[in-house]
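Before any comments, here is the structure.
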Number of protein chains: 2
Amino acid sequence: METYQDHPPLGKPETPSAGSAGGVGERQRERIIRAATGVFSRKGYDGARVDEIARKAGLPKGNVLYYFKTKKDLYRVVIEQVLGLWLDALGDIAVDGNPEAAIRQYVSRKLSLSRHYPEASRLFAMEVISGAPVISGHLSGQLRNWVEDKGGVFKKWQEEGQMAKIDPAHAFFMIWAVTQTYADFEAQIQAVTAVEDYDTEIYGGATTEVVEVLVRGLGLKSEASEILSPHDGATRI
Amino acid sequence: METYQDHPPLGKPETPSAGSAGGVGERQRERIIRAATGVFSRKGYDGARVDEIARKAGLPKGNVLYYFKTKKDLYRVVIEQVLGLWLDALGDIAVDGNPEAAIRQYVSRKLSLSRHYPEASRLFAMEVISGAPVISGHLSGQLRNWVEDKGGVFKKWQEEGQMAKIDPAHAFFMIWAVTQTYADFEAQIQAVTAVEDYDTEIYGGATTEVVEVLVRGLGLKSEASEILSPHDGATRI
DNA sequence: AGTAAAGTTGACCATTCGGTCAATTCAGAG
DNA sequence: CTCTGAATTGACCGAATGGTCAACTTTACT
């Protein structure tokens, strides 16, 4: 397949399971979506095989195509769900509270998201690397507005001298990059660190390290506090 | 296709063009590799189509399979070339010179790499997100050694109080994440910033911003220098 | 129990895929 | 020019792919 952008809006989940919401096969839909998230996140849209998704969901291909008329439809549902998760997690960055606490919380939340939904993160990354053919509209819509909005908060902090004068957009790009790398590049980090329990050992260390570096890097610690913080023993190379 | 790891070592480019190195069809090989880099970087291995690579290279599919016996072979050559670029760019981090200058240079170099070889960066990212099926050996080999080696330098700096006590491995993960995000997530950054000339406008701002944030975040500026640096007007959201 | 809708399944189809191959052209050495 | 190996090409093949369908089973409601 070459492009995958056809029918325009996508009104709803656009599938059978007509009336009853708490229907029987609603569980099936979720199983399929879960399986599809896994496969799409590793292979991308073009590389994924419907049959592989079906096998992973434990049912025949025909059944998958019963719930989602086409592979494209399934992909749309999956990626929009992931995008929703991503946009939700953006949440609010408190305008009032002190900047350091706000960023600290935001970074922690994003890191936690990578930890608990690594496949979602990878799927999102795949989509964007592929040129964001499906979600580009959302990116230049909702996300752009969000960045513009929260960027204003950053600007305010900067004028108050509570934050280094960094282009807010770049600040977000860096935060996103650093927090998502632990999900997206798991294979690389695993290979380099050779830890046994990635989830515990890597995220354990990352949470402290990443938050500290970003808080310091964004100039959110007015006090020239102890540069030498007391945490180590996290990763071992 | 499911997995793509078969014949063991891969001795050489393992293709025709037998003896003469400066051969005639050596240009063809490079055209194919360039085209393949583009397609693989957007679709991944499974999603890429040999025929699309051929079309993009301006020659029939049969000719591509003449130079590279299989799609898998072609992918191997392409990804190993990209990996070589990546590992080369790792370069040395000067042990002697002052840490700030060293990191400043390293980050700039990595950023420049993303700027000038965005497809290579995306292909590398795709491979890793997919679980690094082809290059995992290199990652846990060369790259791991490199990190261990250079991590020692970081440790030394830290003991001398010239760098914040951050797990060296995590420091690298953050540097890589931030520098590569401008290539890998170009579609997202483009959508959010809506700049006209991505290369100039984004990388122009990023170079300064990223370097400053990382240098500060890694605690490389002993002097509590001006938190409010004088650069802006880079991006506009 | 009876019935209609929802859900399940495997066989099946048209298309596309990676890869092969024989026929042909091209380039260079003698 | 002749000859030889490299290079080019399109036709072709078997396997895999996304999607369809008719037959069948289960569920829910009266």
Side-chain angles (χ1 to χ4, degrees), chain A residues 1-7 13-33 35-36 39-40 42-78 134, chain B residues 1-7 13-33 35-36 39-40 42-78 134:
Chain A
M1 170 158 289
E2 188 58 32
T3 65
Y4 38 106
Q5 282 178 309
D6 291 2
H7 36 164
E14 63 172 28
T15 25
S17 115
S20 55
V24 190
E26 198 61 22
R27 247 195 306 271
Q28 298 286 58
R29 284 180 59 89
E30 283 169 26
R31 287 181 58 182
I32 295 170
I33 288 177
V39 177
F40 282 134
R42 292 288 185 188
K43 310 288 190 70
Y45 174 79
D46 289 303
R49 303 300 164 207
V50 175
D51 192 56
E52 187 183 351
I53 294 172
R55 258 183 289 117
K56 204 174 169 185
L59 32 83
K61 184 179 63 170
N63 207 354
V64 170
L65 276 312
Y66 169 75
Y67 285 100
F68 302 89
K69 264 189 271 294
T70 66
K71 178 185 175 183
K72 201 183 304 182
D73 283 347
L74 175 56
Y75 183 76
R76 279 215 196 80
V77 171
V78 169
V134 172
Chain B
M1 170 157 290
E2 186 60 32
T3 64
Y4 38 108
Q5 283 178 309
D6 293 0
H7 35 162
E14 60 173 30
T15 25
S17 119
S20 54
V24 190
E26 199 60 23
R27 245 195 307 271
Q28 298 287 56
R29 283 180 60 89
E30 283 169 26
R31 286 182 61 182
I32 295 170
I33 289 178
V39 176
F40 281 133
R42 291 288 186 188
K43 309 289 190 67
Y45 174 79
D46 289 303
R49 301 302 164 205
V50 175
D51 191 58
E52 188 183 349
I53 294 171
R55 261 184 286 117
K56 205 173 166 183
L59 31 83
K61 184 180 62 170
N63 207 356
V64 170
L65 275 314
Y66 168 74
Y67 284 100
F68 301 89
K69 264 189 272 295
T70 67
K71 178 185 175 183
K72 202 182 304 184
D73 283 346
L74 176 54
Y75 182 76
R76 277 214 197 80
V77 171
V78 170
V134 173

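Throughout, a chain's letter reflects where its sequence line sits, starting with A, and its residues are numbered from 1. Keep in mind that this is a model prediction, so the values were computed, not measured.
- Closest approach of B:R31 to B:G58, counting heavy atoms only: NH2-CA, 4.0 Å.
- Between the OH atom of B:Y67 and the C1' atom of D:dT9 there is a distance of 12 Å, given to the nearest Å.
- One finds no side-chain N or O of B:Q28 lying less than 4.0 angstrom from the OP1 or OP2 phosphate oxygen of D:dA6.
- Here the C1' atom of nucleotide D:dG10 and the CG atom of B:L59 are 14 Å apart, to the nearest Å.
- Candidate nucleotides C:dA6, D:dG18, D:dT9 were compared by shortest atom distance to the side chain of A:Y66, and C:dA6 ranks first.
- Under the side-chain contact (heavy atoms from CB on, under 4.5 Å) criterion, B:L59 pairs with B:Q28, B:I32, B:A57, B:N63, B:V64, not counting sequence neighbours.
- Checking C:dT9, C:dA6, C:dG18 against the side-chain heavy atoms of B:R49 singles out C:dG18 as nearest.
- Taking atom CG of B:D51 as the reference point, atom C1' of D:dT9 lies 13 Å away to the nearest angstrom.
- Looking at residues two or more places apart in sequence or on another chain, you find a side-chain contact (heavy atoms from CB on, under 4.5 Å) between B:I33 and B:T37, B:F68, B:V77, B:V78, B:Q81.
- Residue-level contact check: A:A48 touches the backbone only, with heavy atoms under 4.0 Å from sugar-phosphate atoms and none from bases.
- One interatomic measurement links the two molecules: CG of B:N63 to P of C:dT25, which rounds to 16 Å at whole-angstrom precision.
- The separation between B:D46 atom CG and D:dT17 atom C1' is 13 Å, rounded to whole Å.
- The minimum heavy-atom distance between A:K71 and A:D46, with the atom names listed, is NZ-O, 3.6 Å.
- Separating the CZ atom of A:R29 from the P atom of C:dA6 is a distance of 14 Å, rounded to the nearest angstrom.
- Minimum atom distance to the side chain of B:K71 is reached by C:dG18, of the listed D:dT20, C:dG18, C:dG7.
- Note: B:F40 and B:Y75 have perpendicular aromatic rings, judged against thresholds of 30 and 60 degrees for the angle between ring planes.
- Among the nucleotides C:dG19, D:dT9, D:dT20, the one closest to any side-chain atom of B:T70 is C:dG19.
- Summarising the geometry, the separation between OH on B:Y45 and P on C:dC17 is reported as 14 Å, rounded to the nearest angstrom.
- Interface remark: the A:K61 side chain does form a donor-acceptor pair with the D:dG19 base, using a distance-only criterion of under 3.5 Å.
- Across the protein-nucleic acid pair, B:L65 atom CG and C:dC17 atom P stand 13 Å apart, rounded to whole Å.
- Comparing C:dG10, C:dG18, D:dT9 by their closest approach to the side chain of B:P60 singles out D:dT9.
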